[in-house]
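Only one structure is covered here, and it is reproduced in the block below.
No experiment lies behind these values; they were computed from the predicted model shown.
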Amino acid sequence: MSNDEMFSKISDDIASGNTELVTANIMEIVNSSDDPYEMLKCMSLLKMVPQDGTESKVANKLVEMTDDSNGLEIASALRNLDCPTFAVDVLRKLTPTDRMYRQRCQCEYDMEEYESAYETYSKIENPVINDRVLLCSILSSLGEHKTSMETSSQLLQEFPDDYDVRVAYVRSLMLGGHDKEALKYVRNCVKDKSADSNAVAAYVMRITGNIKSAAGYATRAIKINPQHLGALEILGMCLAQKGQYDQAKIVAGAINEVSPGHKAAITILSFCEGH
């Protein structure tokens, strides 16, 4: 049986709930392949079954296979698959560049190694907008709320219509204890009835614990823009938090259709694990 045929069989087994031999079949592919992208496909399939240590075996083999020609892409995929530790192992092997430091900073933040993330950020010679958005989160996590709010406010002045900037702004406010200001901001925003504004409102409502309103705003955003990843992620998480796991998994599937391998889909599925 070819690896393509094996992948098809594994996918069919997962879909039918017959997962008993999935990890053994995946390891058969891993042991016969030298293609890192087949390894990543195996990692993705392993997210669909209970963890038994196989994921680490595959990830370690991926780390061994990487070099400057494929390392950035593989590290990004590993991070999206919620394996930031292995992604950092890959990145340590690569030639230092802004792209390498950027991904390493993101991974260290995911690993809650905030001081390391801040140090890595300082090595990025030409920060782009998403780097600065991440910096706001790092600063908040380090307890530097005033600096985080100043940084996010400056970003909002420069990029008032950027969704990620707007989320960074309200996140900085809320983590700094300024929930009322965040709520006031989103109340003004939703007047424009845009997908982004409704998604920002959904984010704030979910963080403040108002899951029903969060789901409502996210649903409105998706009606305006069915491919809005931020709104889809919030809706999926709200459904999971309400115990509606099957619906949450459907939303995760929708995210994967819009952006295959997106971290938000893995986050939702991880929350639903065991249900």
Side-chain angles (χ1 to χ4, degrees), residues 40-41 43-48 51 55 73-87 102-103 105-112 117 129-131 133-134 136-138 140-141 162-171 174-175 186 194-211 213-275:
L40 287 170
K41 191 171 181 179
M43 292 278 291
S44 179
L45 289 168
L46 284 169
K47 291 293 180 183
M48 305 294 109
Q51 297 303 308
E55 183 179 79
E73 188 174 356
I74 289 171
S76 177
L78 283 169
R79 177 178 176 263
N80 286 340
L81 288 165
D82 200 25
C83 297
T85 303
F86 293 104
R102 181 171 294 122
Q103 285 206 38
C105 186
Q106 292 171 334
C107 290
E108 289 168 340
Y109 177 79
D110 290 346
M111 295 158 62
E112 299 183 4
I129 182 172
N130 285 340
D131 299 330
V133 165
L134 179 58
C136 296
S137 295
I138 294 170
S140 291
S141 298
D162 185 274
Y163 172 72
D164 291 325
V165 167
R166 296 169 72 185
V167 170
Y169 175 69
V170 293
R171 182 193 298 122
M174 289 187 289
L175 290 174
V186 298
S194 68
D196 279 354
S197 291
N198 276 285
V200 173
Y203 176 86
V204 170
M205 293 302 169
R206 178 171 176 258
I207 297 301
T208 55
N210 193 336
I211 302 302
S213 290
Y217 279 116
T219 300
R220 289 178 208 168
I222 293 164
K223 285 181 179 178
I224 299 166
N225 177 5
Q227 296 187 330
H228 196 291
L229 290 171
L232 286 166
E233 178 177 12
I234 295 164
L235 179 60
M237 291 303 297
C238 287
L239 290 168
Q241 285 180 264
K242 291 193 293 183
Q244 298 175 4
Y245 299 111
D246 289 342
Q247 294 94 321
K249 291 174 184 177
I250 291 171
V251 175
I255 292 172
N256 204 48
E257 286 186 17
V258 176
S259 180
H262 196 282
K263 193 173 187 295
I266 301 299
T267 300
I268 294 168
L269 292 173
S270 295
F271 199 95
C272 294
E273 190 172 350
H275 298 283

| query | Should Lys47 and Asp82 count as side-chain neighbours, where that means a heavy-atom distance under 4.5 Å? | reply | yes
| said: Restricting to non-hydrogen atoms, name the atom on Ile255 and the atom on Ala264 that form the minimum distance, rounded to 0.1 Å. | reply: CD1-CB, 4.1 Å
| message | Would Arg166 pass as a cation-pi partner of Tyr169, given that its NZ or CZ must be under 6.0 Å from the six-membered ring centre and within 45 degrees of the axis? | response | no
| query | What's the spacing between Glu233 CD and Leu235 CG if we round to 0.5 Å? | reply | 11.0 Å
| Closest contact, heavy atoms only, Ala231 versus Ala221 | CB-CB, 3.6 Å
| said: Give me the atom names and distance for the closest heavy-atom approach of Ile268 to Ala248. | reply: CG2-O, 3.6 Å
| query | Applying side-chain hydrogen bond (donor to acceptor under 3.5 Å, both in side chains), which residue pairs with at least one partner in residues 249-269 are found, sequence neighbours left out? | reply | none
| More than 12 heavy atoms of other residues, nucleotides or ligands under 6.0 Å from NZ of Lys223: is that the case? | no
| query | Can you name the closest pair of heavy atoms from Ile234 and Ala199 and give their distance? | reply | CD1-O, 3.5 Å
| Is Tyr109 close to Gln106 at the side-chain level, that is, under 4.5 Å between some pair of heavy atoms? | no
| Of all heavy-atom pairs between Leu232 and Val251, which one has the smallest distance, and what is that distance? | O-CG1, 3.1 Å
| note | Value for CE (Met111) from SG (Cys83), rounded to nearest 0.5 Å, stands at 11.5 Å
| query | Is there a side-chain contact between Ile129 and Val165, using heavy atoms and a 4.5 Å cut-off? | reply | yes
| message | What's the separation between atom SG in Cys272 and atom CE in Met237, rounded to the nearest 0.5 Å? | response | 8.0 Å
| What is the distance from atom CG of Asn198 to atom CZ of Arg220, rounded to the nearest 0.5 Å? | 6.0 Å
| task | Compare all side-chain heavy atoms of Leu40 with those of Leu81 and state whether any distance is below 4.5 angstrom. | result | yes
| said: Nearest 0.5 Å, please: how far is CG in Leu229 from CD1 in Ile222? | reply: 10.0 Å
| task | Decide yes or no for Cys105 and Ile138: does some side-chain heavy atom of the first lie under 4.5 Å from some side-chain heavy atom of the second? | result | yes
| query | Which heavy-atom pair separates Asn225 from Ala195 by the least distance, and what is that distance? | reply | CB-CB, 3.8 Å
| said: Would you compute the distance between atom SG of Cys136 and atom CG of Asp164 and round it to the nearest 0.5 angstrom? | reply: 11.0 Å
| task | Compare all side-chain heavy atoms of Val167 with those of Tyr163 and state whether any distance is below 4.5 angstrom. | result | yes
| query | Can you check whether Lys242 reaches Gln247 side chain to side chain, under 4.5 Å on heavy atoms? | reply | no
| task | Report yes if some heavy atom in the side chain of Gln103 is under 4.5 Å from a heavy atom in the side chain of Arg79; otherwise report no. | result | no
| task | Give a yes-or-no answer on whether the side chains of Tyr203 and Arg171 include a donor-acceptor pair shorter than 3.5 Å. | result | yes
